[in-house]
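Please read the structure below before turning to the comments.
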Amino acid sequence: CYQFPTRTITDSCRDDIILIDKIIGAGEIAISDHRSSNPLDHDIENLASECRVGGLLSGKAGILHIHVGDDPEGIKPLFRLANRSQILLQNILPTHLNRKMPLLYEGMKYLKKGGIIDITSGIFQTEFDTDPIDASYAFKYLLENKCPKENITISSDSNGSMPIFQNGILKSITAGSINTNFIEFKKLVQLYNFPIETALLPFTENPARILKFNNLGSIEINKQADILILNKDLTIYCVICKGKVLLMNGKFFTKSFF
């Protein structure tokens, strides 16, 4: 929901988070985008505060998810908010910051202020838009510039609407691919020589911790058994979801081995 005020099920975003189990925050509220409702700075601050209070009272993340477009304003509203209220930075997660290099540079500065950011594996260059940066390269760039790797997540927009614009004119609509996270993970390891444990962070441990999904993100006792077993060439050998083997060596299964 790009629009502001954001739609709610109860009478407020705060109460949605407190009362409805699956709701952990609000968004995506759009800024710096021609499809945005153009919320004012105090609108963003108020909504982030509602998310934070809802999270505190429910034990959830209380995240305000911010869709960032490619308008020149970028994430300047979030910097202005950071100058007034550092504590809210941990409740605001701007996404799509690899849309173009100046925006990624702003993301680097935002991280160094203590913020958290998301980069999108489903963003790619087209004949109409050559600005996007691969998520794997963006992650490499941020770490080379001494940004905290714990505060970076990568997400795919899988199956979400992916419109393609040229000068504000809609040219086509596609859907986000389910494969892009895995593609960018492999590039981190095979192209940029990241250790696997570092390359996994923005896809696994970081989002689980930031979103307070305490039963996800790593392989430990009492955590949900969502596991990929890979071959040496990083092709997928086995898929386990919630402890059930769904795929092994190219063969699908319908019941658990365990």
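Only this structure's heavy atoms are used, side chains among them; waters, hydrogens and symmetry mates stay out.
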Whether over 12 other heavy atoms sit under 6.0 Å from Tyr141 OH: yes
Gln90 (side chain) donor-acceptor with Gly114 (main chain) under 3.5 angstrom: yes
Heavy atoms from other residues, nucleotides or ligands near CZ of Arg7 exceed 12 (cutoff 6.0 Å): no
Side chain to side chain, Leu230 and Tyr237, heavy atoms closer than 4.5 Å: no
Exam field: side chain Ser37 to backbone Pro39, donor-acceptor pair closer than 3.5 Å: no
Pair Val239-Leu228, side chain to side chain contact (heavy atoms under 4.5 Å, CB included): steps then yes or no: CA-CA 5 Å; Val239 178; Leu228 291 182; 3.7 Å; yes
Heavy-atom check, side chain of Ile152 versus side chain of Leu201, under 4.5 Å: no
Minimum heavy-atom distance Ser12-Glu50, with the two atoms named: CB-OE1, 4.0 Å
Contact check, side chains of Cys51 and Arg14, non-hydrogen atoms, under 4.5 Å: no
Side chain Asp43, main chain Leu40, donor-acceptor under 3.5 Å: yes
Any donor-acceptor N or O pair under 3.5 Å, side chains Lys223, Ser218: yes
Phe213 vs Pro207 side-chain heavy atoms within contact, under 4.5 Å: no
Chi angles and distances behind the salt bridge (Lys or Arg N to Asp or Glu O under 4.0 Å) call for Arg209, Glu205: CA-CA 6 Å; Arg209 185 189 68 258; Glu205 290 185 38; 5.8 Å; no
Any donor-acceptor N/O pair, Ser121 side chain to Ser155 backbone, under 3.5 Å: yes
Side-chain heavy-atom pair Val245, Met248 within 4.5 angstrom cut-off: yes
Close side-chain approach of Tyr110 to Ile75, heavy-atom, < 4.5 Å: yes
Sub-4.5 Å side-chain heavy-atom contact between Gln190 and Leu234: yes
Spacing of Ile63 atom CD1 and Leu93 atom CG [to the nearest 0.5 Å]: 5.5 Å
Any donor-acceptor pair under 3.5 Å from Ser32 side chain to Gly74 backbone: yes
Shared hydrophobic cluster, Leu57 / Leu211 (ILVMFWY, side-chain heavy atoms < 4.5 Å): no
Sidechain-backbone polar pair: Asn98 side chain, Ile119 backbone, donor-acceptor under 3.5 Å: no
Gly25 backbone acceptor or donor facing Lys60 side chain under 3.5 Å: no
Atom CD1 of Ile87 with >12 non-hydrogen neighbours under 6.0 angstrom: no
Pairing of Lys187 and Glu184 as salt bridge, 4.0 angstrom limit: yes
Least distance between heavy atoms, Val68 atom then Pro94 atom: CG2-CB, 3.9 Å
Neighbour count >12 (heavy atoms, 6.0 Å) for atom CZ, Phe4: yes
Leu200-Leu142 co-clustered via ILVMFWY side chain contacts under 4.5 Å: yes
Atom CD1 of Ile236: over 12 foreign heavy atoms under 6.0 Å: yes
Main-chain N/O of Thr10 paired with Asp15 side-chain donor or acceptor, under 3.5 Å: no
Salt bridge present between Lys76 and Glu106 (N-O < 4.0 angstrom): yes
Closest non-hydrogen atom pair, Ile18 against Gly54: CG1-O, 3.8 Å
Euclidean distance, Glu73 CD relative to Asn38 CG, rounded to 0.5 Å: 9.5 Å
Minimum heavy-atom distance Tyr192-Ser136, with the two atoms named: CE1-OG, 3.6 Å
Result of checking Thr120, Asn206, Thr204, Asp118 against Thr153 for side-chain hydrogen bond (donor to acceptor under 3.5 Å, both in side chains): Asp118
Nearest-0.5 Å distance that lies between atom CG in Asn83 and atom CG in Leu78: 11.0 Å
salt_bridge(Asp70, Arg99) N-O dist < 4.0 Å: no
Side-chain touch Ile44/Ile31, heavy atoms, less than 4.5 angstrom: yes
Short side-chain donor-acceptor distance under 3.5 Å, Thr235 and Asp233: yes
Centroid separation Phe194 to Phe139 less than 6.0 Å: yes
For Ile154 against Ala135, the heavy-atom pair lying closest together: CG2-CB, 4.1 Å
Asp33 and His67: side chain donor to acceptor below 3.5 Å: yes
same_hphob_cluster(Ile196, Tyr137) at 4.5 Å side-chain heavy-atom cutoff: yes
Lys149, NZ atom: more than 12 neighbouring heavy atoms under 6.0 Å: no
Hydrophobic cluster membership, Leu103 vs Ile66, 4.5 Å side-chain cutoff: yes
Exercise: identify the closest heavy-atom pair between Ala199 and Val189: CB-CG2, 3.7 Å
Separation between CZ of Arg84 and NE2 of His42, rounded to the nearest 0.5 Å: 10.0 Å
Verify same cluster id: Ile29, Ile24 (apolar side-chain graph, 4.5 Å): no
Approximate separation, where rounding is to 0.5 Å, of Ile92 CD1 and Leu89 CG: 6.5 Å
Heavy-atom neighbours of Ile219 CD1 exceed 12 at 6.0 Å: no
